[in-house]
Structures are given as C-alpha cells and as structure tokens.
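Before any comments, here is the structure.
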4 protein chains.
Amino acid sequence: MEFDQTQAIYLQIADLICEKILLKQYESNSRIPAVRELAVEIAVNPNTVARSYSYLEEQGIIYKQRGIGYFIADNGYQKTLMLKKNNFIKNELPKLTKQLELFNIDLNELSKLMRGKV
Amino acid sequence: MEFDQTQAIYLQIADLICEKILLKQYESNSRIPAVRELAVEIAVNPNTVARSYSYLEEQGIIYKQRGIGYFIADNGYQKTLMLKKNNFIKNELPKLTKQLELFNIDLNELSKLMRGKV
Amino acid sequence: MEFDQTQAIYLQIADLICEKILLKQYESNSRIPAVRELAVEIAVNPNTVARSYSYLEEQGIIYKQRGIGYFIADNGYQKTLMLKKNNFIKNELPKLTKQLELFNIDLNELSKLMRGKV
Amino acid sequence: MEFDQTQAIYLQIADLICEKILLKQYESNSRIPAVRELAVEIAVNPNTVARSYSYLEEQGIIYKQRGIGYFIADNGYQKTLMLKKNNFIKNELPKLTKQLELFNIDLNELSKLMRGKV
DNA sequence: GTGGTCTAGACCACC
DNA sequence: GTGGTCTAGACCACA
C-alpha cells in the first residue's frame, strides 16, 4: 500500500479502518484483521499496525479481547462519525475557509473543482 | 508568535510569508525582513528563519542578494498563488471530497458551517 | 576526512555519495549509512550529514523510509549521471571552453596535461 | 551585468579584468576604469569593485597610483596568464579529469560538446 | 534504532 | 550590516 509521506503511517492505517467503518464495511462487534495479518497485507511493520489499533482503542472506536483480537465498538459508526466530523469542523474547516479566501475560490468554483475530481 | 505543534515551525514561517504575499502586503522585488530581525520579532532562533527563507528561495518565491537581504521574486504573487493553489487542488481537495462524502456533508451544509465560523 | 574549504561540507558529502553511486558502489534501493553513523565515520556533526541527505532527497537521488533510513532511488545511477552530467555541460563546460581559449590550450595539450596528472 | 550566484562578485569582477588583459584589450601600464565608474557601469557597490582591484593588486596584476587610479602591471599579460593557467592546471584540471571519468566522457566527446557550444 | 527539528552560539565571506 | 555554515546538544515522533 502507498502512504502519504506527510502523515504518520499509523494514523493513515487508523484512517483506513475508520473509512471502512463509515462505508459500513465493518459492523459493530465484528472482528477486524489481526495485527500481523494486516501488517503483511499492507507491507508494514507489525508494531505500526499495533500502534494504529491501540490508538483506535483509545478513541473508543475498537476494543480488544485478549487472545482473540480487535472488534468494532458498539455504535462504532456513530462514534467514528462524531469524532471525525467534529475534528473536521474544529480543525480543518477554519484552515479551509482561510485558504479559499486567499486563493479566491468561491463555493461555485470549489464545487466544479470537486466534480472535476470525481 | 504562536505555532502549531503539528507542523515544523520553519514551514509555518514560510506560510506566513506566502500569506502576506497573497494579501498583497509584500510586493515584487520589495525586501522582506532580515533573518535576524524576523527571528527576534517572532521569538524564534535565527537558524529557523534562515531555513524558511532558503526553503522559499528554492520554491522561487523569494530571491537573495548577497550581503543585502531577501526580496520577493518577480511575479511573486502569481508564483505563490500557483504553487499554493495547485498544491491545494492536487493534495487537499481529494481528501476534502472524500471526507465530505463520508460525513454526508453537501455543499449547502459546508457553506453554512463556514459562515458559522466567520 | 578532509574537506575543501571553499565549498560547503554538506555539498561535499553529497558529492561523495554521488561518486559512490557513479562508481556503482551503491545500488538502487540499497541502504546508505545512517546519518549518525556516517557523521562519526567522517568526523562531522550529524546535522551536517542530515543536510546532505535531505539535499540528495530533494534531487531525487535518494529516498527515505520513516524510522528505517535512507536508500538509493530507483535508477539512482541514471538519475545521478543525468543531473551531474547536465550540470557539467550547462555550467562548467562554457567556462572551461573559455579558459582553454584564453590560455591557448588546445585539446592535444589538454590531453597531455591530464595524462601527466594520472 | 549578471553574476554567477555561486561565486563572490568581487572575484567575478577580477576575472573580468583578467579576461580583458588576456584578450589584449588592456595593455601594460594603461589605466583601467575608476572604481566608481566601473561600479556604476556594472551596477555594483563601489566597495565591491574596490575589493576586486585590491585583490588584483595583491596578485601583482595591477598597481595603483594614489590620486590617479589603477594601471595594468608591467608584463600584465604574462603575469595574468601564468597565474590563471597555473591555477587551472593545479586546481581545476584534477577535478575535470575525475569528472570526465565518472561521466564516461572521453576527449572526442568533450571536443564535440565544446564545439556544440561554440 | 531511525530521521526531523529546534536552540544556542560561533565563525565566515560578502556587500 | 547581510546571509551561510557548522558544532553541540537536546527533544520528538516514528518503526
């Protein structure tokens, strides 16, 4: 898998899990891949995956059962959505607003740019 | 001055200069503060400012004259706008699009959220 | 190691790496010495080596893996040869031509002088 | 006038004078332009030109008469040629030889490249 | 272990 | 005065 150089790999892996939750590919209380399994799949050091999982556990998005594995938390979808959306509104939106002003991009143009991407 | 802990200070200083250029506070071929001067002003080590300036010079946004100082490049506004805007469209826009989809935020809601901030 | 006083040490270290690549002592995707390791070996401050490596990374000659180290880029030999050779042809050759004219040295004499050195 | 960023301006000015001597545009004991005059002509700080002249004086290539100006030394052509040529053979030739080897450029190719330039 | 960044202070060449 | 470079030493995030 390819990683963005500008952000820690373990955070990108965590985002990957969150994305799957938000896309409803993972349901509450379903098991997610084992640390070593995922590590092999995406060609990363197992420590790095372990760090991602423990980070998600801190956030309350997943929980672990010793000797068995990691599972999506109850209401995993809602929790993830809240966390990510709030973070977006609080941290990224102000920067975005500022940038759009500096670049003279209004919402119409933004819309077009985004559609161009899609 | 206050700095974001998550990004290198020298990059934040570079962004500061770019912002002033985009706000037309600095014109082409006008001199920008001396390394030591700015360092004192924003309470940072001179090496850090020097690193910012040399970074901006690599980008072609400023140029230096030996023994005299740093100056905004010809077409500094255009160059800066291009670099920053292209970077935004290439790197940030895809992430933004993806996030908005995942969070079920459409442009109307985005617009409201942004106005709420202002 | 001995350094030329007239050129920045970090550039001389960069040249050293390039030379090893051109002499095929380093192959693509092979790891080069750690910053601190090389710093000890050539008796230089680690910051200086770090600067060399980050300079070479900008040139696309080496790349880094977080927490692991620096590696020779794909086609490192070709890239290095291109960069250095083009730089030679563009920047040094015109000066050389001019000097040879001024000194009345033709290619025969140049050849003899060079052999005398070897 | 345009200056190479990689070398001190005062040395480039000195080279300019040497070049004129080698091209026999300046003869022994003829006066060269006044410091201020040349400074205006090439748009440089007078201090910088003064430094060039005093550098050339140290080399014995020019001499000054107080209140009158600077003059090409006796045998200015020979002195300049010796100094420059010896410096070339001693300092530049070894580097050149090494580079040509690394780049796999033989004298035939060098000759072609140089003619391409001319 | 790896590299990245920052501070502090020094010295230098240059204008 | 200007910027460029280097050393020394520290702290941090990451794998």
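Residue numbers begin at 1 in each chain, while the letters A, B, ... track the order of the sequences. Predicted model, so just to flag it, every value in this text is computed and none were measured.
For dG4(F), neither phosphate oxygen OP1 nor OP2 lies less than 4.0 angstrom from any side-chain nitrogen or oxygen of Ser54(B). OP1 or OP2 of dT5(F) lies within a sub-4.0 Å distance of a side-chain N or O belonging to Arg51(C). Under 4.0 angstrom from either OP1 or OP2 of dG4(F) there lies at least one side-chain N or O belonging to Lys64(B). A close approach under 4.0 Å does not occur between any side-chain nitrogen or oxygen of Tyr55(D) and OP1 or OP2 of dC14(E).
Screening residues 31-58 of chain B for salt bridge (charged side-chain N to carboxylate O under 4.0 Å, His left out), with sequence neighbours left out, gives Glu57(B)-Lys64(B).
The strand DNA chain E forms stems, runs of 3 or more Watson-Crick or G-U wobble pairs with distances below 3.5 Å, at E:1-14 with F:1-14.
Residue Ala8(B) is classed as a sugar-phosphate contact, given heavy-atom separations below 4.0 Å to backbone atoms only. Counting non-hydrogen atoms under 4.0 angstrom, Tyr10(C) reaches the backbone sugars and phosphates but no base. At a threshold of 4.0 angstrom between heavy atoms, the contacts of Tyr53(C) with the nucleic acid are absent. Among the protein residues, Val44(D) comes within range of no part of the nucleic acid, since none of its heavy atoms lies under 4.0 Å from any strand.
Electrostatic pairing of Asp15(B) and Lys95(A) does not count as a salt bridge here, judged by no charged N lying under 4.0 Å from a carboxylate O.
For the pair Tyr70(C) and Thr48(B), both in contact range of DNA chain E, the more 5′-proximal nearest nucleotide belongs to Tyr70(C). Ranked by how close their nearest DNA chain F nucleotide is to the 5' end, Asn45(A) and Ile68(B) are led by Ile68(B). Mapping Gln65(B) and Gln65(C) onto DNA chain F by nearest heavy atom places Gln65(B) closer to the 5' end of the strand.
Of the residues in residues 27-43 of chain B, those placing a heavy atom less than 4.0 Å from an atom of DNA chain F are Arg31(B), Ala34(B), Val35(B), Arg36(B), in numerical order.
For the pair Lys84(A) and Phe103(B), the cation-pi criterion (under 6.0 Å, within 45° of the ring axis) is not fulfilled.
Ring geometry for Phe71(C) against Tyr63(C) counts as parallel: the plane angle stays under 30°, on a 0 to 90° scale with 60° as the upper cut.
To the nearest angstrom, P of dC14(E) lies 6 Å from CG of Leu11(D).
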